[in-house]
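Below you'll find the structure, written out as structure tokens, and then a few comments.
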Amino acid sequence: MSIIAGQGDAARSLALLWGEGEAGSGRAAPGPKPALSVTAVVAAAVEVADEGGVAALSMRAVAERLGRSSMALYTYVPGKAELVDLMYDRAHAELPGAYPLDDGWRAAATAWAADLRALYLRHPWLLQVSYARPVLGPCEQRVMEALAGVLFATGLPASTLRAAAASLFDLVRGGARTRAEARLAAAATGGADTEWWAERAARLGEVAPDFAERFPLSVRLSAGDAETGGAASWEERMDATHAAGLALLLDGVEAAAEGRPGGVSPR
């Protein structure tokens with residue numbers, strides 16, 4: 001189940017995200033140095049979520065990791081809703097703020113997508129935080145700024161690039177979610193995906209021997225697996241599928257750029 005971001009107090013969340021007092025930018029409020037810090041609280045919360053997902057996240061769990069009481073945390077973060085915003089934004093600080101265009105916009109876009117996907121797989125709980133309402137923090141925004149810097153190099157107008165940016169986010173996030181859930185399924189059931197599919201395919205052949213005749217186009221689609229990995233592991237096949245989908249999307253951006261006066265080729 002997704003958690004909707006931005007549910008906390010807007011004034012407090014945005015002040016913490018943008019560094020008013022001791023917060024995201026590292027600027028410290030005047031006076032004695034506090035025993036804890038927002039940075040320490042957020043770092044501990046990220047560790048809790050990395051280990052157990054959003055379901056394991058609570059002010060108590062974070063406090064226990066820090067060796068403090070839950071009440072001690074409220075001095076730094078108003079509550080769990082604001083903490084989720086801070087965690088989400090802080091995790092995105094791991095990504096570059098810009099991508100070189102020496103090898104063209106397409107190579108830069110591919111690198112951006114790879115970095116974002118790797119971030120999601122390092123911190124799969126990020127995928128449990130809905131981005132229907134963005135956090136509006138500086139680190140999250142820096143990721144968008146980096147992508148915008150790549151896409152505007154195509155010469156396409158903002159109206160076109162807005163759709164391209166949204167599609168890229170959806171593609172990367174959706175693919176990462178499937179891969180993360182595949183890992184979770186294997187860990188939760190104790191069985192590998194290849195074993196699950198092999199058993200289900202055999203059973204399906206027994207109960208629906210006419211499957212190929214009833215769903216011929218679906219069978220044709222599945223035959224494409226041989227082109228995206230063949231005997232490779234399930235995760236490797238998902239990686240190959242993601243790469244192929246990304247290439248198709250960028251093909252569309254490239255075609256739009258080359259077909260427009262002033263458009264720029266990928267190199």
Side-chain angles (χ1 to χ4, degrees), residues 1-5 45-58 61 65 84 87-88 91-92 94-95 109-132 143 166-252:
M1 180 180 296
S2 294
I3 290 181
I4 305 299
V46 169
E47 291 177 359
V48 170
D50 282 347
E51 293 175 6
V54 172
L57 181 67
S58 68
R65 184 168 290 262
V84 168
M87 293 166 57
Y88 188 87
H92 285 78
E94 298 177 19
L95 296 178
T110 301
W112 175 91
D115 286 345
L116 183 60
R117 188 168 188 264
L119 177 74
Y120 288 146
L121 295 177
R122 283 196 304 275
H123 306 292
W125 58 268
L126 288 170
L127 299 166
Q128 296 177 272
V129 181
S130 171
Y131 70 139
V143 175
S167 297
L168 280 166
F169 268 106
D170 286 343
L171 176 72
V172 174
R173 188 177 175 96
R177 180 186 293 277
T178 300
R179 200 179 194 284
E181 289 176 348
R183 288 179 177 176
L184 181 62
T189 63
D193 282 301
T194 51
E195 297 172 357
W196 186 93
W197 279 106
E199 180 184 4
R200 291 308 190 279
R203 297 296 182 187
L204 187 62
E206 296 173 2
V207 300
D210 60 343
F211 184 91
E213 289 72 30
R214 292 173 64 185
F215 307 104
L217 300 182
S218 298
V219 172
R220 281 182 63 186
L221 278 179
S222 64
D225 285 346
E227 301 174 13
T228 57
S233 72
W234 183 245
E235 287 196 351
E236 289 173 332
R237 288 164 67 184
M238 283 191 285
D239 290 345
T241 298
H242 164 76
L246 176 62
L248 282 173
L249 197 160
L250 295 180
D251 283 347

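For reference, positions follow the sequence shown, starting with 1. Treat the numbers as computed from the prediction; the structure is a model and nothing was measured.
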Spacing of Trp196 atom CH2 and Thr189 atom OG1 [to the nearest 0.5 Å]: 10.0 Å
Heavy-atom side-chain proximity of Trp112 to Leu95 below 4.5 angstrom: no
Charged tip of Arg177 within 45° of Tyr120 ring normal and under 6.0 Å: no
CA sep, side-chain torsions, deciding dist, call: His242, Arg179, side chain to side chain contact (heavy atoms under 4.5 Å, CB included): CA-CA 10 Å; His242 164 76; Arg179 200 179 194 284; over 6 Å; no
Steps toward side chain to side chain contact (heavy atoms under 4.5 Å, CB included) verdict (Asp239, Arg117): CA-CA 10 Å; Asp239 290 345; Arg117 188 168 188 264; 3.0 Å; yes
Under 3.5 Å: donor-acceptor pair, side chain of Trp125, backbone of Gly52: no
Reported CG-to-OG1 distance for the pair Leu246 and Thr241, which is rounded to 0.5 angstrom: 12.5 Å
Non-hydrogen atoms of Met238 and Ala182 that approach each other most closely: CE-CB, 3.5 Å
Reported CG-to-CG distance for the pair Leu249 and Leu171, which is rounded to 0.5 angstrom: 6.0 Å
Side chains of Arg183 and Leu121 in contact at under 4.5 Å (non-hydrogen atoms): yes
Rounded distance [0.5 Å steps], CG in Leu168 versus CG in Leu116: 9.5 Å
Residue pair Met87, His123: steps toward the side chain to side chain contact (heavy atoms under 4.5 Å, CB included) verdict: CA-CA 11 Å; Met87 293 166 57; His123 306 292; over 6 Å; no
Arg200, CZ atom: more than 12 neighbouring heavy atoms under 6.0 Å: yes
Heavy-atom closest pair, residues Leu250 and Ala109: CD2-CB, 4.1 Å
Heavy-atom pair with the smallest gap, counting every atom of Val219 and Ala212: CG2-CA, 3.8 Å
Nearest atoms (heavy-atom pairs only) where Ala61 meets Ala56: CB-O, 3.7 Å
Gap between atom CZ of Arg173 and atom CG of Leu119 - 0.5 Å precision: 10.5 Å
Minimal non-hydrogen separation, Glu213 against Pro209, with atom names: OE1-O, 3.9 Å
Shortest non-hydrogen separation from Ala5 to Val129 and the atoms involved: CB-CG1, 3.9 Å
Whether Phe169 and Tyr131 hold their rings parallel, tilted or perpendicular, with breakpoints at 30° and 60°: tilted
